[in-house]
Number of protein chains: 2
Amino acid sequence: MPKQVDHEQRRTQIAEALIRASARLGLHAVGMRDVAAEAGVSLRLVQYYFQSKEKLLLFGLRHVTERFGQRVAARVRAAGDDPGPRAVIEALLGAALPADEESRVFHHLYTAYAVLSVTDDTLAAQPYIKEPDAAEATVTKLLTQAAADGQLRSGTDPHTEAVSLLALSAGLGTSVLVGQRSTESAAAVLSYHLDRIFLEPRLGP
Amino acid sequence: MPKQVDHEQRRTQIAEALIRASARLGLHAVGMRDVAAEAGVSLRLVQYYFQSKEKLLLFGLRHVTERFGQRVAARVRAAGDDPGPRAVIEALLGAALPADEESRVFHHLYTAYAVLSVTDDTLAAQPYIKEPDAAEATVTKLLTQAAADGQLRSGTDPHTEAVSLLALSAGLGTSVLVGQRSTESAAAVLSYHLDRIFLEPRLGP
DNA sequence: TGGTTTATGATACGACCGTATCAATGCTGG
DNA sequence: CCAGCATTGATACGGTCGTATCATAAACCA
């Protein structure tokens, strides 16, 4: 029984073609034929691995969020061996800004999916559309820890600040995406805001 | 020469049908026929007043931003005869949160247009997509005035705070739109953040 | 009344869409 | 070597889309 192909890998490969094609044409305008051409396979094969366009789109959303989560994790890991909470948060939020092409694509598509979810119940029911909840918990935990270590200004509420930082980051990301603001100025705003939360950071961990 | 109809009014009426239909079906899914049916006119008439769908969409973007600008202005006016800067800013940002249906629709469609503008140069060239610049200038001016009056905490930069507040408001609005957060909690975050900027407000102006 | 504007109607075009069908061809593991 | 999976190809269906065409009815003002 020959089964030389990893189905999940093929689906991933096609999903990445969907992402590239969507980044170029817009998620609203991309079709099965575009995805097939982008992936270098036949239309028939896209139908073979995804029975319908809806399933392809759902898998694409899942894939895009997974890829982004890995990216953020890598950035945080690259921030140092045992960085302080502020460095971790800055890496986390900084990775979410559309600074390079990969991040731009993520922002673009994730926002497109979010818009679709307003009128599409199936999309709205996907857990990935609410992934920010995980980030919120992470940042809250980091801020709580920083507060316990006396690194935060007085009167700072970790959870509210976490929500605020993530919303701020998302809003800045969108404005960068539409060309209203530069990546640098967005990063500066983030940094400014962190300065208003953290006391002077100790350099070592 | 009979000319009993105000063309601009008819175009506005059709544009509002576009907005209602788009809020129901999603901007990506709305067609000329949907707009005609929603407006209670014939498809032919939509073609008569807008020669193409692209022109209809551009007019719709213009209309939606104008309506929203009027709404915000009305809210600010309703905040009192001579309210302090904080009250004005809170009214301004609060009006931008998707608390009621009209505001939800605005957020939904404006975000949809923003996503389209990423891959559509004509849309990206529209000035309305960058309307936030005006809001940024307004809030900056209000904060500068508040700083001059000694109402701000020390170390507060009016322009950066203005950018920050607007991005925060936009990000919170999106999270409310997708059902991740309640309007109340979003308003609470905004209020919290304003407390971190303003000193105890004087009650009178 | 006549000419112009507003509006409707029916209809059709060509294009693209997602989906489906049927046949054919590799390739490979047992 | 051959059963079976992977992949392609050609093709077509019914549907919807934006757009266009032509005829026509009603409303209006000079």
Side-chain angles (χ1 to χ4, degrees), chain A residues 1-61 112-113 115-116 119-123, chain B residues 1-61 112-113 115-116 119-123:
Chain A
M1 293 179 183
K3 198 182 176 183
Q4 77 248 21
V5 170
D6 182 347
H7 271 230
E8 205 61 17
Q9 175 187 328
R10 268 274 178 282
R11 288 165 64 90
T12 297
Q13 170 188 340
I14 293 174
E16 299 207 331
L18 164 70
I19 292 169
R20 286 195 302 275
S22 302
R24 188 160 30 87
L25 308 170
L27 190 61
H28 67 287
V30 77
M32 304 283 277
R33 290 166 177 87
D34 300 308
V35 175
E38 179 72 38
V41 299
S42 65
L43 166 62
R44 188 63 189 82
L45 200 68
V46 179
Q47 295 185 270
Y48 181 77
Y49 282 102
F50 302 90
Q51 293 72 35
S52 68
K53 186 183 183 182
E54 184 183 33
K55 291 181 181 175
L56 172 60
L57 288 180
L58 290 176
F59 190 91
L61 170 61
Y113 272 113
V115 169
L116 289 186
T119 48
D120 185 327
D121 290 343
T122 307
L123 265 181
Chain B
M1 292 178 182
K3 198 180 177 185
Q4 80 249 22
V5 171
D6 182 347
H7 271 229
E8 205 61 16
Q9 174 188 330
R10 268 273 177 283
R11 287 164 65 90
T12 297
Q13 169 188 341
I14 294 174
E16 298 208 332
L18 163 69
I19 291 170
R20 287 194 303 274
S22 301
R24 188 160 28 89
L25 308 170
L27 191 60
H28 66 287
V30 77
M32 303 283 276
R33 291 167 176 85
D34 300 306
V35 175
E38 179 72 38
V41 300
S42 64
L43 165 62
R44 188 62 189 81
L45 201 68
V46 179
Q47 295 185 270
Y48 181 76
Y49 282 100
F50 301 91
Q51 292 73 34
S52 68
K53 186 183 184 182
E54 184 183 33
K55 291 180 181 176
L56 172 60
L57 288 180
L58 290 176
F59 189 90
L61 170 61
Y113 272 112
V115 169
L116 289 187
T119 49
D120 185 326
D121 291 342
T122 306
L123 265 181

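To find a chain, count down the sequence lines: A is the first, B the second, and so on, and within it residues start at 1.
With sequence neighbours excluded, the residues forming a side chain to side chain contact (heavy atoms under 4.5 Å, CB included) with A:Ala39 are A:Ala17, A:Val41, listed by chain and number. B:Glu38 is linked by a side-chain hydrogen bond (donor to acceptor under 3.5 Å, both in side chains) to B:Arg20, B:Arg24, counting only residues two or more places apart in sequence or in another chain. Contacts of A:Arg44 classified as salt bridge (charged side-chain N to carboxylate O under 4.0 Å, His left out), with partners at least two apart in sequence or in another chain: none. Qualifying side-chain hydrogen bond (donor to acceptor under 3.5 Å, both in side chains) partners for A:Arg10, counting only residues two or more places apart in sequence or in other chains: A:Gln13. For A:Arg33, there are no salt bridge (charged side-chain N to carboxylate O under 4.0 Å, His left out) partners, not counting sequence neighbours. The side chain to side chain contact (heavy atoms under 4.5 Å, CB included) check on B:Ile14 picks up B:Val35, B:Val46, B:Tyr49, B:Phe50, B:Leu56, with sequence neighbours excluded. With sequence neighbours excluded, the residues satisfying side chain to side chain contact (heavy atoms under 4.5 Å, CB included) with A:Thr12 are A:Glu16, A:Phe59, A:His63.
Whole-Å rounding puts the A:Leu43 CG to C:dG18 C1' distance at 9 Å.
Remark: B:Arg33, B:Val41 in residues 24-41 of chain B come within less than 4.0 Å of DNA chain C through at least one heavy atom.
Regarding contacts with the backbone of D:dT7, every side-chain N or O of A:Tyr48 stays at 4.0 angstrom or more from both OP1 and OP2. Taking 4.0 angstrom as the limit, A:His7 places a side-chain polar atom (N or O) nearer than this to OP1 or OP2 of D:dA6.
Nearest nucleotide to the B:Tyr49 side chain, out of C:dA7, D:dA6, D:dT7: C:dA7. Checking C:dG18, D:dA6, D:dT7 against the side-chain heavy atoms of A:Arg10 singles out D:dT7 as nearest.
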Can you tabulate the close N/O pairs, meaning under 3.5 Å, that link protein atoms to atoms of nucleotides 21-26 of chain C?
from   : atom 1 : to      : atom 2 : distance (Å)
C:dT21 : O4     : A:Arg44 : NE     : 3.4

